[in-house]
Number of protein chains: 4
Amino acid sequence: MSAALLEAIALTRADVCALHAELTRYGLVVWTAGNVSARVPGTDLMVIKPSGVSYQDLAPDQMVVTDLYGTPVSGNGEGGWGNPALSPSSDTAAHAYVYRHMPEVGGVVHTHSTYATAWAARGEAIPCVLTMMSDEFGGEIPVGPFALIGDDSIGHGIVETLKNSNSPAVLMQNHGPFTIGKDAKSAVKAAVMCEEVARTVHVARQLGDPLPIDQGHIDSLYARYQNVYGQ
Amino acid sequence: MSAALLEAIALTRADVCALHAELTRYGLVVWTAGNVSARVPGTDLMVIKPSGVSYQDLAPDQMVVTDLYGTPVSGNGEGGWGNPALSPSSDTAAHAYVYRHMPEVGGVVHTHSTYATAWAARGEAIPCVLTMMSDEFGGEIPVGPFALIGDDSIGHGIVETLKNSNSPAVLMQNHGPFTIGKDAKSAVKAAVMCEEVARTVHVARQLGDPLPIDQGHIDSLYARYQNVYGQ
Amino acid sequence: MSAALLEAIALTRADVCALHAELTRYGLVVWTAGNVSARVPGTDLMVIKPSGVSYQDLAPDQMVVTDLYGTPVSGNGEGGWGNPALSPSSDTAAHAYVYRHMPEVGGVVHTHSTYATAWAARGEAIPCVLTMMSDEFGGEIPVGPFALIGDDSIGHGIVETLKNSNSPAVLMQNHGPFTIGKDAKSAVKAAVMCEEVARTVHVARQLGDPLPIDQGHIDSLYARYQNVYGQ
Amino acid sequence: MSAALLEAIALTRADVCALHAELTRYGLVVWTAGNVSARVPGTDLMVIKPSGVSYQDLAPDQMVVTDLYGTPVSGNGEGGWGNPALSPSSDTAAHAYVYRHMPEVGGVVHTHSTYATAWAARGEAIPCVLTMMSDEFGGEIPVGPFALIGDDSIGHGIVETLKNSNSPAVLMQNHGPFTIGKDAKSAVKAAVMCEEVARTVHVARQLGDPLPIDQGHIDSLYARYQNVYGQ
């Protein structure tokens, strides 16, 4: 087992642990109901929150390392990285499915954030009526199928919905949003922005119909933002 | 009076005191309008917040020990645990009634959290249209009767409503939610999740009708979550 | 000038200054848009926030002492208490009018808290459909007249509305709530509870009609709470 | 290059950096989606947030100095003030256009604050139905045109809309609010108050029609507040 692998796992655990603080900062989660994961770069491993642990109690070495089928692995033997005596998130199978089927994805986030989940409860996509939504999502935020936990059906629903969309967020029906990104931070940003636009479009719709944005304008805003914004 | 009893009371007071911070953290209470209690394990005693004291001023030794009729008792005489010169919460009778009639209950919480209380004001149960609600509540959150403070009618309404329900939360009409759990922390979690689903379903309903979840799916989600989730 | 008077002024200034932190804690104010005042007990003096100063910058000796017509007085000469080189709140005349005409009032609070102000914008009283509202307000929260700042018309509207009501809060039309109490802390509590019930009844009304509470029940809840609650 | 200019730039950078904390304090922004700028007094320079940097990571020397066409300038050579190796906000062109065409403006703020953006999504001006809105805005908050980022069209839309209005805030259609002020703090205050009145009028409208205020009353409130309020 190489020192580089142990280092990559340690960095990923620290990153995944720290990013959960963004979920509470932006009010996306209560109690233990949301989770962040990341692919360990260049490996077939992922790191995810343990199940049912409070956000204020999280520490990096509690983050569970699993293979891409969600089975905890600890690199047993000389030079192993160890694993806590904790079960991984009950959503691990869905995260793992995404990493297996979307090799470009490096991070996945799941929350039950209020406004995004409300759109999900109605099974209604969020229409793209804001310039910031054009920038970040490049169109509507789509709805994925109703799926029960316990097998690959949630993961399959996420992948089938997102592979035909610009959006890094999907609203799983009656359930809540899952978001993806090139790394965990990008997936967290998508979760934050998903709730932000879910809330803003909800509020706009409460008193009437938002004005549509031409598809050509959406496309040009999306192209520009993906290529130019930031440092 | 045994050292074990004094220790159990001290632990319960510390626990009940600390859990009030979760009510403010999640925005379930303002001023002094909410309270947590716990049964002292293995006894006929309970511990509850004093009446009208601000959350930021609470200390463990201010928590009032009462019998299961809500009468403060202090274990007078050699080895007594003492009691503060404070009256217990004005909701003590309701908590005590629950402990007398539901031996499996170890903790009770009462708040006037905004969205749960709004459903209570309309006398309307919260329909189970979210997977997280299936997990935690196993169906709708029911409404209890209108009842005046001052006798057993609130406690009676809570018990009669909850004994026929999977839900650990009841919305007392025009009043607000009461929640129960195997211990005080579980009852606090139920209060947090009750407000969370009350808000999310409210928001969903503002723009249309949430999609129903099949009863069979609700049942399987509930069974799984009660047996598998967490560590 | 007696030491007792100087002491009373110093205590009142400290109290009024500190209570502004409750306005920000409960989200009742933004920027500088709300104020607390108190009568200096046993005198014809009052203490009020200076105009246009941010809440985080407030210090006790910035609180302005005025007579009951709102004119700053500093007890000039030997033993005077001094006054900051700051103008009192632009709402001082309204506070002063209340102290002149309601001798039982020791504290006044004014905010533009969101939900209470929204009812005020529609000129609609908040109906008493919650037990906590029966406790605190003893009935509806009434609306006062539209009145311009600059003379006694706001103060007159507050007094005329509240003298016929159990409620310690009045919603001045198109403007916002004013609350009163036996002291400044009671008036702040009334401001917090006014926003709380304004929000909860608003949310209840968004999805239907709240159930009414019988007037007899409102009366008995109010009588009990005013006499029994707290320590 | 004069010491006075270097001092003015340093003060402006510190001021612009610090004011971003007010955007997060009042919940007007998430992630990196909002920015403050200021004209360097007495010069043809402005200072603005760097693009895509988190609010908690901002430091004064990261604020970018540009000319009034938005081009970063660093006063190269002996005595230059330097510039970070960071791109200015992607909204810089809009801010710069305002400074070029409105010489009385010393500060500009842009956010996507929820309620103001919701009115912008419907293309609907916020009617003046609150006394605090009469004070601050002197009438309705107007809507500006839909405009794509990348040239002068956003800046042009802001200036054309605001030059005919008392309001220091404009709701750019499908986009969000821009506010102006005599300095950056005034523009931030306008952004805070814009969201406050956007939310309050929204809430009022949810349950009916707010009562109008006579134009004569709006005018007299505005005239008084602009001349008398504060210290």
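In this text, all values refer to a predicted model and were calculated from it rather than measured experimentally. To find a chain, count down the sequence lines: A is the first, B the second, and so on, and within it residues start at 1. Every heavy atom of this structure was used, including side-chain atoms; hydrogens, water molecules and symmetry mates were not.
- For Met193(B), the part lying near chain A is the side chain, with the backbone staying farther off; criterion is any non-hydrogen pair under 4.5 Å.
- A pairwise comparison of heavy atoms in Glu140(B) and Pro127(B) identifies CB-CA, 4.4 Å as the closest pair.
- Of all heavy-atom pairs spanning Asp91(A) and His95(A), the tightest one is O-CD2, 3.1 Å.
- Proximity to chain A (any heavy atom under 4.5 Å) is restricted, for Glu22(B), to the side chain, taken from C-beta onward.
- Remark: the backbone N or O of Val203(B) is not paired with any side-chain donor or acceptor of Tyr115(B) at under 3.5 angstrom.
- Looking at Leu207(B), both its backbone and its side chain come within 4.5 Å of chain A, counting heavy atoms on both sides.
- Ion pairing between Lys189(B) and Glu136(B) holds under the 4.0 Å rule for side-chain N and carboxylate O.
- For a residue to count as touching a neighbouring chain, one of its non-hydrogen atoms must lie under 4.5 Å from one of that chain's; by this rule Ser134(B) does not touch chain A.
- When only modelled atom types and interatomic distance are considered, Asp183(B) and Ser186(B) share a side-chain donor-acceptor pair under 3.5 Å.
- The choice from Leu211(B), Leu221(B), Thr200(B) that makes the most heavy-atom pairs within less than 4.5 Å of chain A is Leu211(B).
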